[in-house]
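Heads up, the thing below is written out as structure tokens.
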Amino acid sequence: MKPAILDDDFFRRGTLRVARDLLGKHLVGRVNGAELALPITEVEAYDGPNDRACHAHRGRTARNAVMFGPPGFWYVYLCYGVHWLLNIVTGPEDFPAAVLIRGAGDVCGPGRVTRRFGITGDQDRKSAGPAAGLWIEDRGLRVRRKEIERTPRIGIGYAGPVWSSKPYRFVWDGVRS
DNA sequence: TAAGTGATCTCT
DNA sequence: GAGATCACTTAA
């Protein structure tokens, strides 16, 4: 199968579906002039205005505005004043949702993924693709359902018992090199 | 286990 | 404008 860059149609679907399907797809970027591609191993879904863990839950702000736009755009923000976190906007326009990329290849942890790829606020609000220097490809890697683990999301206790316990985190443990 | 770190958001 | 908060990481 020929590598295919994922486009709007892939990301326009339901957030949970996109999140699950993102496992095994390759995050591709340019680092120091060379191309770096790592298969995505861990993601979390943040699904719209009713999701109390989603940044868009309290309405549109300058920071989260990109989530209200069309799918396939990067949402990058600084967390704890230290770490950049990488999200891809999902769902139709005006439905604020995104998927957080928490792990790729042998890199575990959302802050470490961005550091590995050299991602900063520069990519924020850009459309995922070569022009942004950062995109996602389907390279034909096959992910079996049994290899996917679903757990609650990390670090969102503030969202209350209902939303913080939703199994919106997807981990692929079938990656082998 | 605790602190660093600074943008962002919610009050005054 | 001030104060609290935070989708994390690292060093103990």
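Basis for what follows: all heavy atoms, side chains included, without hydrogens, waters or symmetry-related copies. Every chain is numbered from 1 and lettered A, B, ... according to where its sequence line falls, protein lines coming before strand lines.
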For this session: Would you check, one step at a time, whether the test salt bridge (charged side-chain N to carboxylate O under 4.0 Å, His left out) holds for Arg102(A) with Glu44(A)?
Result: CA-CA 7 Å; Arg102(A) 295 185 57 91; Glu44(A) 281 177 4; 3.5 Å; yes
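Phosphate proximity of dT5(B) to His83(A): absent, as no side-chain N or O sits under 4.0 Å from OP1 or OP2. Using a 4.0 Å cut-off, some side-chain N or O of Tyr158(A) falls inside it from OP1 or OP2 of dA7(C). Between dA7(C) and Arg169(A), no contact under 4.0 Å exists linking OP1 or OP2 to a side-chain N or O.
Nucleotide dA7(C) has no partner under the Watson-Crick or G-U criteria, as no pair reaches both atom distances under 3.5 Å.
As a whole-Å value, the separation of Ile156(A) CD1 from dC8(C) P is 10 Å. When rounded to the nearest whole Å, the span between CG of Leu86(A) and P of dC8(C) equals 14 Å. Look at CD on Glu42(A): it is 11 Å from C1' on dA7(C), rounded to the nearest Å. Note: NE2 (His57(A)) to C1' (dC6(C)) measures 16 Å, nearest angstrom.
At most 12 heavy atoms of other shown residues, nucleotides or ligands fall within 6.0 angstrom of atom CZ in Arg115(A). Enclosure of atom CG in Asp106(A) is not indicated, since only 12 or fewer non-hydrogen atoms of other residues, nucleotides or ligands lie within 6.0 angstrom.
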For this session: Heavy atoms under 4.0 Å is the rule here; annotate nucleotides 7-12 of chain B 5' to 3' with B where the base is hit, S where only the sugar-phosphate is, and - elsewhere.
Result: -SSS--
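Residue Tyr46(A) places its side chain closer to dA7(C) than to any other of dA7(C), dT9(C), dC8(C).
Between Tyr75(A) atom OH and Leu85(A) atom CG the span is 9.5 Å, to the nearest 0.5 Å. Atom CD1 of Ile136(A) sits about 6.0 Å away from atom CG of Leu27(A), to the nearest 0.5 Å. Put simply, CZ on Arg150(A) and CG on Leu16(A) are 6.0 Å apart, with the number rounded to the nearest 0.5 Å.
Checked against the 6.0 Å centroid criterion, the rings of His57(A) and Tyr46(A) do not qualify as a close aromatic pair.
Counting non-hydrogen atoms under 4.0 angstrom, Leu100(A) reaches a base of the nucleic acid. Using a 4.0 Å heavy-atom distance criterion, Arg115(A) is classed as a sugar-phosphate-only contact.
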